[in-house]
There are 2 protein chains.
Amino acid sequence: MSYCDTCVVRNRAICAALDNNEINALNGIGRRKTLAAGDPLIWEGDDSTLVANVIDGILKLTNSTEDGREQIVGVVYPADFIGRPFGKTTSHSVTALTDAKVCLFARSDFDRFAHEHPQLEHKLLKRTLDELDRTRSWMLLLARKSAEEKVATFLLDMSERLVDATCAAPHDGPLDEFDLPFSRQQIGDILGVTIETVSRQMTRLKRDGILDLPTRRTVRILDRQALVDMAG
Amino acid sequence: MSYCDTCVVRNRAICAALDNNEINALNGIGRRKTLAAGDPLIWEGDDSTLVANVIDGILKLTNSTEDGREQIVGVVYPADFIGRPFGKTTSHSVTALTDAKVCLFARSDFDRFAHEHPQLEHKLLKRTLDELDRTRSWMLLLARKSAEEKVATFLLDMSERLVDATCAAPHDGPLDEFDLPFSRQQIGDILGVTIETVSRQMTRLKRDGILDLPTRRTVRILDRQALVDMAG
DNA sequence: CGCCGATTTGATCGTGGTCAACAATAGTGG
DNA sequence: CCACTATTGTTGACCACGATCAAATCGGCG
């Protein structure tokens, strides 16, 4: 009897590539860990000794300059994979944004296991290729878009990404109302702007009737088309 | 007798994972293609029907907004892999920056071949993970660094990346003199700044005695430490 | 030599950063 | 449940960096 039997991401994480025997073997080398919001999991520049699957919660990947400027270079959701297998060092920090549960492996154990299970590597490869595409698209936003375009793009992105988080209704398509899993500071760190700029743009969107902001964390999209036009 | 026998990147590209029999099989589904500087290979949003290995030359990967702003999201060198296997669409354009030679595969052929050769997928996975790390580091630069820091970082990056291009001396370490494979416009597109800003920063570095710029494309680093300090 | 594209240089302007004050919300203990 | 505090978010004033527009200069090539 393994933890995995009851794992909510069993069929969405890379583990979906494995049959029951294999899952049991994997279970033998992994362990669960619970993180509180704000807890670090991996530090930038650490030796790469850990990899993990996200079971529940949201975590951020960050890079920082020596003088403390921080950039969020990725956000991981349940079923996503964390860490740098087959390599010596990790180039970014991983920190829980919400309370989170992860399934943790020693990198060396995972590397060995992956090597013996090509289907697992295949899943991981697809995931990594997807993530690379997403990351590259984000570069265009960071480098070329105005603050207005950044915020509009971000909100649209969220309304799509958070669909399975709110697994409530089986309707397709993006959400028109959702709770942001980020503070204003974190949104700034994602978009490469300051907290004040995020705030000003949000206020403006509300004033123009494109959004409603019932609470600080809640967003209701009133005019999606306007947002799309604005996203550039 | 296959093309691959004489391929200069045979032992550096992902093909290095294959033995001679396998290489022959791969050779059967690939073909060489020559590109002139400026030639496009793949268009953003195309159906993903091609993948390739770079044999010689340098190519850029770009994303663009509808209104024509362009961002270079990646640069590929000999032995690097191009394209999006196991997926439906490519999210960026690929264009030759210099005259180039590539080894081209139909995506479906490559996908099938890769599936049957886990060692190949493994190499590709490592490469993709490396590229993802590099891309994420670049996000910090795009989002948070000043023009001065961007240019300094870029020059240091070039002095390291171009080492094997100039396979002349067997000395390790970065180059202190090299020819940029990019125009000022392209440097701007990599750093997310305008051509004028690149030019001004370069001029300033020269005036301060940190660089010498014998020709428009040649860079000689006179004070590497100053550049490092400046890169932030 | 003369042409054309690439680059440099200069002048001006606007976006978003910075600094500072204020407001709202969440969290804590009486 | 409310007062009090700490934290987070909002708003305003000002300024700097880099964009934009424009002109001059360089360099390669016929």
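Because the structure is predicted, anything quoted here is derived from the model rather than measured.
Taking the charged nitrogens against the carboxylate oxygens, A:R204 and A:D208 do have a contact shorter than 4.0 Å, which makes a salt bridge. The residues B:R84 and A:D133 are annotated as salt-bridged, a charged nitrogen and a carboxylate oxygen being separated by less than 4.0 angstrom.
The separation between A:L191 atom CG and C:dT15 atom P is 18 Å, rounded to whole Å. Atom CG of A:L211 is separated from atom C1' of D:dG9 by 16 Å (rounded to the nearest Å). One can place CD of A:Q201 at 14 Å from C1' of D:dT10, the figure rounded to the nearest angstrom. The CZ atom of A:R207 sits 13 Å away from the P atom of D:dT10 (whole-angstrom rounding). Computed from coordinates, the A:I187 CD1 to C:dG16 C1' distance equals 17 Å when rounded to whole Å.
Residues A:R134 and B:S91 bring no donor and acceptor atom of their side chains to less than 3.5 Å of each other.
A:P78 has its side chain out of reach of A:V8: every pair of non-hydrogen atoms, C-beta onward, lies at least 4.5 Å apart. In this structure, B:R32 and B:I55 have side chains that are in contact, with non-hydrogen atoms separated by less than 4.5 Å.
For the contact set between residues 135-159 of chain A and DNA chain D, defined by any heavy atom under 4.0 Å, there are no members.
When the shell of 6.0 Å around CZ of B:R31 is examined, it contains 12 or fewer heavy atoms from other residues, nucleotides or ligands. Other residues, nucleotides and ligands contribute more than 12 heavy atoms inside 6.0 Å of the NZ atom of A:K60.
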*Would you mind building the protein contact string for nucleotides 7-14 of chain C? One character per nucleotide, 5' to 3', B for base within reach (heavy atoms under 4.0 Å), S for sugar-phosphate only, - for untouched.*
SBBBB---
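Outside the 6.0 Å centre-distance limit, the rings of B:F105 and B:F81 are not counted as a close aromatic pair.
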